Visitor: 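Dropping the structure in here first, questions after.
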Amino acid sequence: MTLKWYTVVVDCTDPQALAHWWAESLDWTVVYDTPEEAVVIPRFALEDEQPEQDLQAWMRRGQGLVFVPVPEGKQVKNRLHIDLAPHTSQDRDAEIRQLLDRGATTVDVGQSEEDTFTVLADPEGNEFCVLSSRDR
């Protein structure tokens with residue numbers, strides 16, 4: 001059995017705003033945008049689209065993020081979160097500053113001074129981490 005990890009669904013109060021925030025943060029693109037659902041995918045996924053891709057090509061295509069409305073706000077720490085990582089050629093601190101300038105906030109989930117990741121939250125409070133720089 002082989003299934004493809006297709007998307008991560010994010011509950012939120014304003015799907016359009018959060019989808020556009022994540023699309024800009026990841027340099028992805030919004031491909032579907034209604035009050036009931038907004039979808040963002042990597043830009044390269046559009047380049048690879050072919051009407052009849054083979055199974056291997058389809059499996060390699062990146063995952064998307066889907067934002068759907070819920071009436072309640074976020075109440076507790078996420079049990080699942082996204083890890084972002086800058087390349088070793090990028091300025092990690094500058095990337096974090098840009099996220100903060102665009103509405104992210106720092107979050108304390110019990111991390112220590114020795115940890116090599118920074119915990120942030122998107123504008124609706126969903127935690128995510130910026131890891132140390134890497135090349136793999």
Side-chain angles (χ1 to χ4, degrees):
M1 184 169 138
T2 303
L3 294 174
K4 176 182 175 45
W5 171 18
Y6 198 70
T7 61
V8 172
V9 178
V10 180
D11 291 349
C12 53
T13 57
D14 188 345
Q16 289 71 42
L18 203 55
H20 285 270
W21 189 89
W22 276 100
E24 186 176 336
S25 297
L26 298 171
D27 193 27
W28 286 12
T29 189
V30 177
V31 293
Y32 188 76
D33 193 355
T34 71
E36 292 78 34
E37 181 178 72
V39 180
V40 301
I41 64 171
R43 290 181 190 281
F44 72 84
L46 292 174
E47 298 166 7
D48 292 342
E49 273 192 24
Q50 299 169 14
E52 296 191 24
Q53 286 184 343
D54 66 19
L55 176 61
Q56 293 301 322
W58 184 75
M59 292 294 284
R60 284 190 301 271
R61 201 168 101 200
Q63 294 75 26
L65 292 171
V66 177
F67 300 87
V68 296
V70 295
E72 71 278 357
K74 184 176 173 299
Q75 309 235 343
V76 297
K77 179 182 171 289
N78 294 6
R79 295 196 60 177
L80 175 72
H81 69 267
I82 296 171
D83 282 347
L84 305 178
H87 187 264
T88 53
S89 66
Q90 293 175 287
D91 182 341
R92 179 181 180 275
D93 292 337
E95 296 292 332
I96 291 172
R97 274 192 305 279
Q98 286 181 23
L99 290 164
L100 293 169
D101 289 347
R102 296 189 43 261
T105 55
T106 56
V107 178
D108 182 354
V109 295
Q111 64 270 34
S112 71
E113 293 285 326
E114 292 80 38
D115 288 325
T116 60
F117 56 88
T118 300
V119 183
L120 301 174
D122 69 19
E124 288 208 15
N126 300 298
E127 296 94 1
F128 64 96
C129 293
V130 178
L131 306 176
S132 59
S133 299
R134 34 199 83 197
D135 60 6
R136 299 180 198 261

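No experiment lies behind these values; they were computed from the predicted model shown. These numbers come from the heavy atoms of this one structure, side chains and all, not from hydrogens, waters or symmetry mates.
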Visitor: Heavy atoms, side chains only, cut-off 4.5 Å: are Q63 and I41 in contact?
Guide: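 No, side chains not in contact.
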Visitor: Going from CG on L26 to CG on L84, what distance comes out if it is rounded to the nearest 0.5 angstrom?
Guide: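 It is 6.0 Å, given to the nearest 0.5 Å.
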Visitor: Can you give each donor-acceptor pair under 3.5 Å made by side-chain atoms of residues 4-11, sequence neighbours left out, with the distance rounded to 0.1 Å?
Guide:
unit_1 : atom_1 : unit_2 : atom_2 : d
K4     : NZ     : W58    : O      : 3.3
K4     : NZ     : R61    : O      : 2.5
W5     : NE1    : T7     : O      : 3.3

Visitor: Between the side chain of R43 and the main-chain N/O of T29, is any donor-acceptor distance below 3.5 Å?
Guide: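 Checking the backbone N and O of T29 against the side chain of R43, no donor-acceptor pair under 3.5 Å is found.
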Visitor: Could I get the full list of salt bridge (Lys or Arg N to Asp or Glu O under 4.0 Å) partners for E37, not counting sequence neighbours?
Guide: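 Result, salt bridge (Lys or Arg N to Asp or Glu O under 4.0 Å) vs E37: none returned.
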Visitor: Which salt bridge (charged side-chain N to carboxylate O under 4.0 Å, His left out) pairs, counting each pair once, include a residue from residues 125-136, with sequence neighbours left out?
Guide: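 Those involving residues 125-136 are K74-E127.
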Visitor: Could you give all pairs that pass the salt bridge (charged side-chain N to carboxylate O under 4.0 Å, His left out) test and reach residues 112-125, with sequence neighbours left out?
Guide: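 Counting only pairs at least two positions apart or across chains, no salt bridge (charged side-chain N to carboxylate O under 4.0 Å, His left out) contact touches residues 112-125.
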Visitor: With clusters defined by side-chain heavy atoms of hydrophobic residues (ILVMFWY) lying less than 4.5 Å apart, directly or transitively, does W22 cluster with L99?
Guide: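 Yes; tracing contacts between hydrophobic side chains, which count when under 4.5 Å, links both residues.
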Visitor: Could you walk me through whether L120 and V107 pass side chain to side chain contact (heavy atoms under 4.5 Å, CB included), step by step?
Guide: CA-CA 5 Å; L120 301 174; V107 178; 5.7 Å; no
Visitor: Can you list the residues that meet the salt bridge (Lys or Arg N to Asp or Glu O under 4.0 Å) rule with R102, with sequence neighbours excluded?
Guide: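 Result, salt bridge (Lys or Arg N to Asp or Glu O under 4.0 Å) vs R102: E24.
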Visitor: Can you run down the salt bridge (charged side-chain N to carboxylate O under 4.0 Å, His left out) pairs that involve residues 80-95, sequence neighbours left out, and say none if there aren't any?
Guide: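 Qualifying pairs: none.
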Visitor: Compare all side-chain heavy atoms of T118 with those of L131 and state whether any distance is below 4.5 angstrom.
Guide: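 Result no, sub-4.5 Å side-chain heavy-atom pair not found.
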Visitor: When rounded to the nearest 0.5 angstrom, what distance separates NE2 in H81 from SG in C129?
Guide: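 Result: 3.5 Å between the selected atoms.
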Visitor: Please report the closest heavy-atom contact between A38 and P15, naming both atoms and the distance.
Guide: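 What the structure gives for the nearest pair is CB-O, 3.7 Å.
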Visitor: Would you mind reporting whether N78 and F128 have side-chain heavy atoms less than 4.5 Å apart?
Guide: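 Counting from C-beta outward, F128 and N78 never come under 4.5 Å.
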Visitor: Taking the side chain as every heavy atom from C-beta outward, state whether T106 and V119 have any pair of such atoms under 4.5 Å apart.
Guide: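 No, too far: nothing below the 4.5 Å cut-off.
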Visitor: Please tell me whether F67 and W21 form a close aromatic pair, meaning their ring centres lie under 6.0 Å apart.
Guide: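 Not close enough - the centres of the two rings lie 6.0 Å or further apart.
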Visitor: Checking Q111 side chain against V109 main chain: does a donor-acceptor pair fall under 3.5 Å?
Guide: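 Yes; judged by distance alone, with no hydrogens or angles, the pair exists.
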